Amino acid sequence: MARAHLSRRSLLAAGGAAAVAVGAASPSAAAAPADDPVGTPAEALRRLQAGNRRFTSGHSRHPHQGLADLHRLAAGQHPFAITVGCADSRVAPEVLFDQGLGDLFDNRVAGNIVDDLLLGSVEFAVEEFGSLLIVVLGHERCGAITATIDAIHSGGAAPGHIGTIVDALRPVVEPVLDQPGDPVENGVRANIAAQVAALSARSTIIAEKVRQGALRVVGARYDLDDGRASLVA
């Protein structure tokens, strides 16, 4: 399938300019030394795991998050990992993985659902930046999963466009409702696995990179109580 090549500059220039304008209002900070380059998917995963350990132990470094770092990145970005996460305000990837500007290409939507728009965003990062890792990041007590379960049990419909989220999650959540244990937790884990599978099944770009060993797709569950992000898929 022929695809028009999209330039990083053309697609992201407007957003980059806005970010610089916002950052200019903050106090100036010296750029922290950049970490060593990440060369493999395994190294990318280890870096995220190390950052999460720092976060949970109270020793976050908050690396390269200053205005000088933003200026350094204005000419281009090379995020080593892509996140597909929930929009929940408690699940900010740069915070819980202790990463900085330019490290992660975040894609966040309630229920961490891989629809066509989100898939295109992920493929863009894979193609343009050569990111080495995709992390589908679900979390405990997910409101989107809870809303889906409530709608299934009540037979009702969610208001407004929230129903679109419920409709997307229903085929994933419904089959696990009768399993032992907490239904929301079962739904969260089932959804992480389903979205991990969907990334490669629906994208030839991602599947080929995975086949080549240039990319890895994993699923992680974030614990709101202790801050740990544990691999589950």
Side-chain angles (χ1 to χ4, degrees), residues 35 38 40-61 63 79-100 103-115 118-119 121-123 125-126 129 131-146 148 165 168-169 172-173 176 179 181-203 206-207 209-210 213-233:
D35 290 322
V38 175
T40 67
E43 290 174 357
L45 180 58
R46 284 195 292 270
R47 178 163 294 184
L48 292 187
Q49 291 172 324
N52 184 239
R53 286 194 295 271
R54 292 194 300 271
F55 171 67
T56 58
S57 66
H59 295 92
S60 293
R61 293 189 294 129
F80 68 86
I82 301 162
T83 63
V84 176
C86 186
D88 191 295
S89 64
R90 300 164 293 182
V91 189
E94 278 79 7
V95 175
L96 66 96
F97 289 121
D98 193 28
Q99 300 300 310
D103 289 333
L104 305 179
F105 193 86
D106 295 328
N107 301 269
R108 299 179 65 186
V109 64
N112 42 279
I113 300 163
V114 178
D115 62 7
L118 189 142
L119 186 57
S121 179
V122 171
E123 288 181 337
V126 170
F129 309 132
S131 302
L132 299 162
L133 181 71
I134 303 173
V135 181
V136 175
L137 185 63
H139 65 94
E140 68 168 338
R141 300 197 289 272
C142 178
I145 299 294
T146 302
T148 301
I165 299 171
L169 291 173
V172 175
V173 172
V176 302
Q179 291 183 355
D182 179 71
V184 175
E185 178 64 18
N186 291 341
V188 165
R189 290 175 178 269
N191 187 45
I192 294 169
Q195 306 308 328
V196 166
L199 285 164
S200 291
R202 297 182 56 200
S203 171
I206 293 172
K209 293 287 186 181
V210 170
L215 178 69
R216 183 177 174 187
V217 183
V218 301
R221 173 193 174 278
Y222 176 58
D223 192 313
L224 295 176
D225 292 321
D226 64 18
R228 288 184 301 171
S230 304
L231 290 182
V232 296

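It should be emphasised that the depicted structure is a prediction, and the values quoted were computed from it without experimental measurement. FYI, side chains are in, hydrogens and waters are out, and symmetry mates aren't considered; it's all heavy atoms of this structure.
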Peer 1: Going by the side chain to side chain contact (heavy atoms under 4.5 Å, CB included) test, name the single residue among L48, I192, I82 that passes it with V135.
Peer 2: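 The side chain to side chain contact (heavy atoms under 4.5 Å, CB included) with V135 is passed solely by L48 among L48, I192, I82.
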Peer 1: Do Q195 side-chain atoms and V114 backbone N/O form a donor-acceptor pair below 3.5 Å?
Peer 2: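 It does hold such a pair.
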Peer 1: Any non-hydrogen side-chain atom of V172 less than 4.5 Å from a side-chain atom of I113?
Peer 2: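 No, every pair of side-chain atoms sits at 4.5 Å or beyond.
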Peer 1: Please list, chain by chain and in numerical order, all residues satisfying side chain to side chain donor-acceptor pair (under 3.5 Å) with S131, sequence neighbours excluded.
Peer 2: none
Peer 1: Taking all heavy atoms of V196 and all of A233, pick out the closest pair and write down the distance.
Peer 2: CG2-CB, 4.2 Å
Peer 1: Is R47 salt-bridged to E43, going by a charged N under 4.0 Å from an acidic O?
Peer 2: no
Peer 1: Restricting to side chain to side chain donor-acceptor pair (under 3.5 Å), what partner residues turn up for S121, sequence neighbours left out?
Peer 2: N107
Peer 1: Rounded to the nearest 0.5 Å, how far apart are CZ of R53 and OG of S60?
Peer 2: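 With rounding to 0.5 Å, CZ (R53) is 12.5 Å from OG (S60).
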Peer 1: I need the minimum non-hydrogen distance between P41 and L133, along with the two atoms involved.
Peer 2: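 Scanning both residues, the minimum pair turns out to be O-CD1, 4.4 Å.
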Peer 1: Within the distance-only criterion (no hydrogens, no angle test), does the side chain of N52 pair as donor or acceptor with the backbone N or O of L96 below 3.5 angstrom?
Peer 2: yes
Peer 1: For R90, what residues pass the salt bridge (Lys or Arg N to Asp or Glu O under 4.0 Å) criterion, not counting sequence neighbours?
Peer 2: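 Salt bridge (Lys or Arg N to Asp or Glu O under 4.0 Å) list for R90, sorted by chain: D88.
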Peer 1: What verdict does the side-chain contact (heavy atoms from CB on, under 4.5 Å) test give for L119 and I206, after you've listed the backbone C-alpha separation in whole Å, the side-chain angles of each residue and the deciding distance to 0.1 Å?
Peer 2: CA-CA 10 Å; L119 186 57; I206 293 172; 4.0 Å; yes
Peer 1: Looking only at heavy atoms, which two atoms of T56 and D226 are closest? And how far apart?
Peer 2: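 Looking at all heavy atoms of both residues, the closest pair is CG2-O, 3.5 Å.
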Peer 1: Atom CG in L45, atom CZ in F80: separation rounded to 0.5 Å?
Peer 2: 9.5 Å
Peer 1: Look at the side chain of S57 and the backbone N and O of R54, then say whether any donor-acceptor pair between them is shorter than 3.5 Å.
Peer 2: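 Confirmed, S57 side chain pairs with R54 backbone.
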Peer 1: Write down the atom of G111, the atom of C142, and the distance for their closest heavy-atom approach.
Peer 2: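 Between these two residues, the closest heavy atoms are CA-SG, 4.5 Å.
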Peer 1: What heavy-atom pair brings P79 and F105 nearest, and what distance separates the two atoms?
Peer 2: CB-N, 3.8 Å
Peer 1: Just wondering, do V217 and S200 contact through their side chains at under 4.5 Å, heavy atoms?
Peer 2: yes
Peer 1: Are any side-chain N or O atoms of D98 and backbone N or O atoms of R61, one a donor and one an acceptor, separated by less than 3.5 Å?
Peer 2: yes
Peer 1: Without swapping roles, check the side chain of E140 against the backbone of L224 for a donor-acceptor pair under 3.5 Å.
Peer 2: yes
Peer 1: Which heavy atom in Y222 sits nearest to a heavy atom in G227, and how many Å separate them?
Peer 2: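 Looks like CE1-O, 3.2 Å.
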Peer 1: For a side chain to side chain contact (heavy atoms under 4.5 Å, CB included) with V188, tell me which candidate from V176, I145, N112 qualifies.
Peer 2: I145
Peer 1: Take E94 and L104 through the test side-chain contact (heavy atoms from CB on, under 4.5 Å) and record every step on the way to the result.
Peer 2: CA-CA 7 Å; E94 278 79 7; L104 305 179; 3.5 Å; yes
Peer 1: Judged by atom type as modelled, is there a donor-acceptor pair below 3.5 Å linking the side chain of R108 to the main-chain atoms of V91?
Peer 2: yes
